[in-house]
J.: 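The structure follows.
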Amino acid sequence: MTQKDATQSAGLSEPERVELLRTMIRIREFEDMVGESYLRGHTAGSMLHLSVGEEAVAAGIVKAMAPEDVFTTHHRGHGVFLARGADPMRMFAEVFGKSVGYCKGKGGSMHIADIQLGHMGANAIVGANIPISLGGGFSLKYRDVPGVSVAFFGDGAINQGVLYESMNMAALWKLPVVFAVVNNQYGMGTRVDQASASLAFAERAETFGVKGAEVDGMDVEAVYGAADALLRYSREGNGPSLLVANAYRFYGHGRKDPSPYRTKEEEAKWKARDPIALFRDRLVTEGVITAERSERIGAEAVTEMEEAAAVAVTQADPAPEELYTDVFAEEL
Amino acid sequence: MTQKDATQSAGLSEPERVELLRTMIRIREFEDMVGESYLRGHTAGSMLHLSVGEEAVAAGIVKAMAPEDVFTTHHRGHGVFLARGADPMRMFAEVFGKSVGYCKGKGGSMHIADIQLGHMGANAIVGANIPISLGGGFSLKYRDVPGVSVAFFGDGAINQGVLYESMNMAALWKLPVVFAVVNNQYGMGTRVDQASASLAFAERAETFGVKGAEVDGMDVEAVYGAADALLRYSREGNGPSLLVANAYRFYGHGRKDPSPYRTKEEEAKWKARDPIALFRDRLVTEGVITAERSERIGAEAVTEMEEAAAVAVTQADPAPEELYTDVFAEEL
Amino acid sequence: MREIAYREALREAIYEEMEQDENVFVIGEEVGRYGGAYAVTRGLIKEFGARRLVDAPISEASTVGLGIGAAITGLRPIVELMYVDFVPLAMDQIATQMPKLRYMTGGQLKIPMVLRTQGGTGRSAGAQHSQSLEAYCVHTPGLRVVMPATPADAKGLLKSAIRSDDPVVFIEHKALYARKGAVPEETCTIPLGKARISRSGSDVTIVTYSRMVLIAEEAAGALEAEGISAEVIDLRTLSPMDMDAVSASVGKTKRAIVVTEAHKTAGMSAEIAARITESNWTDLTAPVVRIAAKDVPVPATHLEKLSIPSVDEIVDAAKTLCGE
Amino acid sequence: MREIAYREALREAIYEEMEQDENVFVIGEEVGRYGGAYAVTRGLIKEFGARRLVDAPISEASTVGLGIGAAITGLRPIVELMYVDFVPLAMDQIATQMPKLRYMTGGQLKIPMVLRTQGGTGRSAGAQHSQSLEAYCVHTPGLRVVMPATPADAKGLLKSAIRSDDPVVFIEHKALYARKGAVPEETCTIPLGKARISRSGSDVTIVTYSRMVLIAEEAAGALEAEGISAEVIDLRTLSPMDMDAVSASVGKTKRAIVVTEAHKTAGMSAEIAARITESNWTDLTAPVVRIAAKDVPVPATHLEKLSIPSVDEIVDAAKTLCGE
Ligand SMILES: Cc1ncc(C[n+]2csc(CCOP(=O)(O)OP(=O)(O)O)c2C)c(N)n1
Ligand SMILES: Cc1ncc(C[n+]2csc(CCOP(=O)(O)OP(=O)(O)O)c2C)c(N)n1
Ligand SMILES: [Mg+2]
Ligand SMILES: [Mg+2]
């Protein structure tokens, strides 16, 4: 290890930091590309929720995860899944409704899953993935596997009662469950403070016996640091934890939503803290990478995503018989 | 007003204090009597949840309520309803499944209601009355009526997600809703700390923007004082509040449950703080009533309940046609 | 007559009822500022303010409960659930509270409340945003269930639903919002519980509702070209069901096809078929044909369309029925 | 053969399966220390400890969700809901997650999970503790639904349900727990999806399940005295339904009565009647008779009994059917 490799931030080595940047850029490019495909009519479904602006949350938390960990996401979960190692072609294919998609095209953007990668499923019902992740944590502990179960959900899900039921159960049995709140400030057109009377989410978690923390969701290393601490805490048998990561969705709720409910000033303020630009600039300033290298990473990501989308779009639709398969594991 | 009348405790006059004692004794006698009737097979239904031991909570909170207030209860709601002015005969009749019962015998013990008295219904689904009371509070504010809406529920309901959804909504719109937690230490055979990882319920409420307080539920004046403060707060437009009143159910979950899940020592400890005895002794010690008068109140209550039960038991069953009525307000 | 879209017809109904009754209010996710996920309540907040167009947090169970409590105490709530797929989140309030409180309290509690929602396929949004769950509600005594197919019915039935003193589950269809149709200018209600003969015919009766009325109409058109005269009955209200209208039609045609976008097993197609069989036993020349969604979760992608009834299926069934 | 009670048969099934598979565990309110509200799991915590008999807080939705997550990750949960009336509280997990996750993920997620609950009338506990909600589940593709009537079936079917790799809703009946019946000593499973001829007969087929099997048997006994030979079919599994068995019987008797304790409209009686009509059209001498609970919330008090099918109703219907 060279001297330079040993320079660390939030405990990360230089190569790790670069990879984190690459992850964020790849997410951004995937989302932009899938959004464009959507506008061009390539997607099968009519709903597409992009996580642009939230890359630091996805990359930072997933970085703190171990191979044996499991997770679920909400409907805005592409970023998390990509960070976890998803194959973009199969993701595009799923969104396009193709048979080589992660779910054979039967799920679409809102139901992507890959049990091999510990992805127990994106979920289109706000909050519904939370108790399922609770069960993942229960199972890890029951089977004595040293993993954690992470539930990713939005600020909107904060008001679904199952969150509190699940926090209580996780705390009661000291389960390795991490509640990851991707607070992008809005649930559709409703600003978080228009839906939640109190924003003291981390303190609230503590009153359920859940360790709570809040973090700047635009700073990937801050997210990683906070997530790493909480995941460690939960992994080591201390019980559940909750992380609120404050970010912003740069697109509307769906790809076509012009977001008339928020001001241009607010958007500009948040976009000025673009998590990718912030981190890239930091790495450049600290001499970890050059501007050129960062641009190369960007260009590579563009190529990767273009190619993946191009391959996906030509794939076959599921055969009509697929309508009837996968309902049950066993026929009776 | 004589000098003596002016002597007050928790702001209550002597006659009020005596009435509070009478209310508690009447609840106790009703519950004992209905329990006996149950054992004799007079009740129509098989489920009977008695509030003996919780009289101070019912009497104290209801004392703080105004005529325009509305409320719901859980399945253990006889005491609250009696304190509110229910006719014991019609209550017995309902529990016995008679047509003169509050609900024509169609509801039974777990579904008693009297909209005239602001009673929007006992509810047999743990927690389900909470959002209904939220709606009562919404309606009071919408109609500009200076009332509050009180939801009575047990420590078991603390783990139903709707409580948190409802607290948030009540806080968001500053609704006059009071969440009254009758913490009798058990939900069936499960001790409160076996179901709830954290017992910081009042603090928890605060993190939802709900004013929280906790009180000794065996001391009726303490309950009244705390409830009065919270109801005032909510009535005056400051938003919702939550009161945790710590009490104990002296019988089992149902009348026949021998409560093998709790120790005799624990029972004895709580019974030593019988809310009726505590308050009676205080009033006697303070010279507000004599022991004789308190016994007379007891005897009157016994007679009242015996007579009410005797009348109720001879009433007619609902006619078979009643099966089909009251499904809809309008026939189509 | 002027033509307006289904969503505008609904908006007019809400507007008119809110204007004439101060106790009517709307609550639901995104119903106010945003104007509704399907733009039904767009603009109403400007007219009536946030007091009467209440943006709810994502808390379906408690939002429906709020409506119930408000209804008990004298208001007339219109609660919107953005998708019928979210009915299960509030199912305790919808199935165990709203329809039962009146009965359990011996008639004391009145619940004049409308639960507006929308369902069906058409956006390839997958199994959690494409369902047709009316049977859950129709199977629950104490609920009225309404599913309009046309703008005129949407308006007239919603007005009646809002005026009803009983809880009404009012299920719109996501694929109908933009469809236009003639709707009278003047205020008029359409009574709950009455079916509509959408097309007269003499050879076979097609009983259906909501968007499947369009499919049935299309099938009837195709059948006409082949010399088969199909009568299409739009039930409009599923609970209670207008069996008089259905029976009279089948009495005439002797053949019946039931079409639903909902899953087949233990759904509305079974109930309608069973009732027709009971009421028109001696008329029927063959068993009632049920054409319903396949008993699989609704897939995303192009499979979605294969999962629901098609014009061809109806045409084939009618030809077979009439061919004997 | 030894006779044991229905609840003991269930307990044996759970015991045996837990013993042979470490991944089987039970979670629900009061299932551990208390031993279950209806004493089904009594004593099991002593054998298996609190790790495998998990007392859940009163959080039905999340408890079912926990089961799903545990099932996805390799366990075989038995989740108990104390009453079927609480199914609506967890309805999103039961109807929108448990049965759809496998399909939506293209077969990736396996949900080997049993949701045990109990329903029906018999305790005069009112509309919120006396329901029969099987149709909600049967109408939802992706679920198996089982409703045993006898101790032997309770044991054998529960064992099969626990071993199934698919989600099974297993609905017991509160009025059957104490009933005794012959149950083989040796381990034996009963396959899901197969009906049982509970009584052979030649004049009329009575199709039913769960406690109504007893009522049907009683009616069959009474009918025998009047010279009418009734065949009673106990469906046992409602999803999938064993139509081969039903069809064969009706093919023989030419007459069918369906009896359910669930509400009539849009419930199981409609589906069974519709299927029989479809499969046995040419056999039937009269429309299938549906005898079901009245379409009113279940009342407390003595009215409860009037709300559900009676022996007399069945006898009368059979006599009318056979009298023509
Ligand atoms: C139970 C439920 N209610 C409502 C919706 C409709 N809906 C989809 S996304 C969304 C907003 C969710 O906001 P948040 O949780 O903050 O996630 P974000 O979209 O901001 O990522 C809503 C209301 C839904 N899918 N599920
Ligand atoms: C939703 C729901 N779950 C479970 C039950 C069964 N049950 C009835 S009372 C009860 C315990 C409730 O405890 P608590 O809320 O503390 O009230 P308490 O009985 O102690 O007054 C349970 C589990 C129910 N009626 N409703
Ligand atoms: Mg958000
Ligand atoms: Mg309690």
Side-chain angles (χ1 to χ4, degrees), chain B residues 43-48 75 93-99 101 103-112 122-128 153-162 187-192 194-197 253-254 257 259-261 317-328, chain D residues 28-39 41-42 45 50 54-63 65 81-83 85-90 92-93 121-131 174-175 263 265 293-308 310:
Chain B
T43 63
S46 55
M47 291 185 183
L48 191 70
H75 54 284
E94 187 56 38
V95 179
F96 297 168
K98 303 297 188 178
S99 65
C103 307
K104 305 183 186 166
K106 292 178 179 181
S109 162
M110 292 196 294
H111 301 294
I112 265 179
N123 210 300
I125 301 296
V126 170
F153 54 90
D155 47 288
I158 284 277
N159 298 312
Q160 287 288 30
V162 284
M188 290 189 69
T190 304
R191 211 174 51 227
V192 58
Q194 292 165 336
S196 291
H253 172 67
D257 166 23
S259 309
Y261 43 79
D317 286 339
E321 308 85 69
E322 279 297 327
L323 180 58
Y324 301 99
T325 60
D326 300 323
V327 182
F328 291 109
Chain D
E29 292 154 22
E30 309 294 337
V31 297
R33 284 179 300 266
Y34 198 93
Y38 286 91
T41 52
R42 185 161 291 169
I45 195 171
V54 186
D55 282 319
I58 308 177
S59 307
E60 283 82 3
S62 294
T63 304
L81 290 185
M82 202 183 280
Y83 283 76
D85 309 76
F86 310 157
V87 156
L89 290 149
D92 175 62
Q93 294 293 332
T121 63
R123 301 195 63 200
S124 196
Q128 296 182 328
H129 276 69
S130 310
Q131 296 176 87
K174 57 173 71 61
H263 296 308
T265 296
K294 307 296 176 281
D295 283 331
V296 303
V298 182
T301 193
H302 75 111
L303 295 175
E304 181 187 74
K305 228 176 294 163
L306 302 181
S307 77
I308 62 158
S310 68

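Note on naming: letters A, B, ... go to the chains in the order of the sequence lines (proteins, then strands), and numbering restarts at 1 for each one.
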J.: Non-hydrogen atoms of chain D under 4.5 Å away: do they reach the side chain of B:E94, the backbone, both or neither?
T.: neither
J.: Looking at chain D, which one of B:A124, B:G156, B:P260 has the largest number of heavy-atom pairs inside 4.5 Å, strictly under?
T.: B:A124
J.: In this structure, which one of D:K294, D:H302, D:E304, D:K305 forms a side chain to side chain contact (heavy atoms under 4.5 Å, CB included) with B:L323?
T.: D:K294
J.: So which of B:S196, B:G105, B:G127, B:A157 has the biggest tally of heavy-atom pairs under 4.5 Å with chain D?
T.: B:G105
J.: Quick one: which of B:Q194, B:M110, B:K104, B:E322 has the most heavy-atom pairs under 4.5 Å with chain D, could you say?
T.: B:Q194
J.: To the nearest 0.5 angstrom, please state how far the CG atom of D:D55 sits from the CZ atom of B:R191.
T.: 11.5 Å
J.: Tell me which of these, D:S59, D:G126, D:S62, has more heavy-atom pairs under 4.5 Å with chain B than the rest.
T.: D:S59
J.: I need the B:Q160 CD to D:L89 CG distance, nearest 0.5 Å.
T.: 5.5 Å
J.: Looking at B:V126, B:V327, B:V95, B:I125, which one has more heavy-atom pairs under 4.5 Å with chain D than the rest?
T.: B:I125
J.: Non-hydrogen atoms of chain B under 4.5 Å away: do they reach the side chain of D:E29, the backbone, both or neither?
T.: neither
J.: Can you see which heavy atom on B:H111 is nearest to which on D:A127, and at what distance?
T.: NE2-N, 4.4 Å
J.: Which pair of heavy atoms, one from B:A44 and one from D:S124, lies closest together, and at what distance?
T.: O-CB, 3.3 Å
J.: Tell me whether D:Q128 contacts the main-chain N or O of B:N123 through its side chain, where contact means a donor paired with an acceptor under 3.5 Å.
T.: no
J.: What's the shortest heavy-atom distance between B:G108 and D:A300, and which atoms?
T.: N-CB, 4.1 Å
J.: Taking side chain to side chain donor-acceptor pair (under 3.5 Å) as the definition, give me every residue that meets it alongside D:Y38, ordered by chain and number, with sequence neighbours left out.
T.: D:Y83, D:R123
J.: For B:A319, is it the side chain, the backbone, both, or neither that has a heavy atom closer than 4.5 Å to a heavy atom of chain D?
T.: backbone
J.: Indicate yes or no: at least one non-hydrogen side-chain atom of B:Y324 is less than 4.5 angstrom from one of D:V296.
T.: yes
